[in-house]
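Reading through the structure tokens given below for one structure.
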Amino acid sequence: MNVEKYFFIQKDSPCFVPTFAKTTLNTMKLKKEIIERINGRKDVGHQIAVSMGVTKTTVNNWLRDNKDNNPLTSFTVLQILQAELNLTPDQMLDGEFINQQTN
């Protein structure tokens with residue numbers, strides 16, 4: 001399963017909304033076990049820092065805080081985690097789902 005299938009990407013917007021069938025993930029953060037795996041893989045943390053244009057210290061702060069909807073849940077980071085840790089978004093993310101309205 002590919003990360004791209006989970007995201008509706010608005011043109012010219014940094015906002016990415018992950019969608020799962022007829023539900024939308026309202027709030028999301030990385031699962032604790034994924035944080036532990038990233039902490040154990042310095043190469044993954046470095047790759048995230050380079051891709052996001054931040055320092056490794058910033059990535060470590062994001063990992064420590066793991067707040068809802070933080071940059072670790074961005075499309076870019078999830079692509080890295082999918083490639084490096086061989087995981088799908090539903091294996092990486094915890095969140096609160098809301099129903100989508102259908103037209």
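If you read the sequence from its start, that first residue is 1, and numbering goes on from there. Values in this document were obtained by computation on a predicted structure and should not be read as measured data.
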Side-chain donor-acceptor pairs of residues 36-48 under 3.5 Å, sequence neighbours excluded:
residue: Arg37; atom: NH2; partner: Leu85; partner atom: O; Å: 3.3
residue: Asn39; atom: ND2; partner: Ile35; partner atom: O; Å: 3.3
residue: Arg41; atom: NE; partner: Asp43; partner atom: OD1; Å: 3.0
residue: Arg41; atom: NH1; partner: Glu84; partner atom: O; Å: 3.4
residue: Arg41; atom: NH2; partner: Asp43; partner atom: OD2; Å: 2.8
residue: Arg41; atom: NH2; partner: Glu84; partner atom: OE1; Å: 3.4

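Within a 6.0 Å sphere centred on CG of Asp65, heavy atoms belonging to other residues, nucleotides or ligands number more than 12. Dense packing is recorded around NZ of Lys56, with more than 12 heavy atoms of other residues, nucleotides or ligands lying under 6.0 Å away.
Asp68 pairs by the side chain to side chain donor-acceptor pair (under 3.5 Å) definition with nothing, not counting sequence neighbours.
Counting only heavy atoms from C-beta outward, the side chains of Leu81 and Leu30 approach each other to under 4.5 Å.
Criterion: ILVMFWY side-chain heavy atoms under 4.5 Å apart, direct or through other members. Under it, Leu78 and Val54 are part of a common hydrophobic cluster.
The minimum heavy-atom distance between Asn70 and Trp62, with the atom names listed, is ND2-O, 3.4 Å. Residue Asn66 comes nearest to Lys29 through the heavy atom pair O-CD, 3.2 Å, listed as atom of the first residue, atom of the second, then distance. Taking all atoms of both residues into account, the shortest heavy-atom contact from Leu93 to Met28 is CD1-SD, 3.9 Å.
Test Val77, Ile80, Val59 against Ser51 for side chain to side chain contact (heavy atoms under 4.5 Å, CB included) and you get one pass: Ile80.
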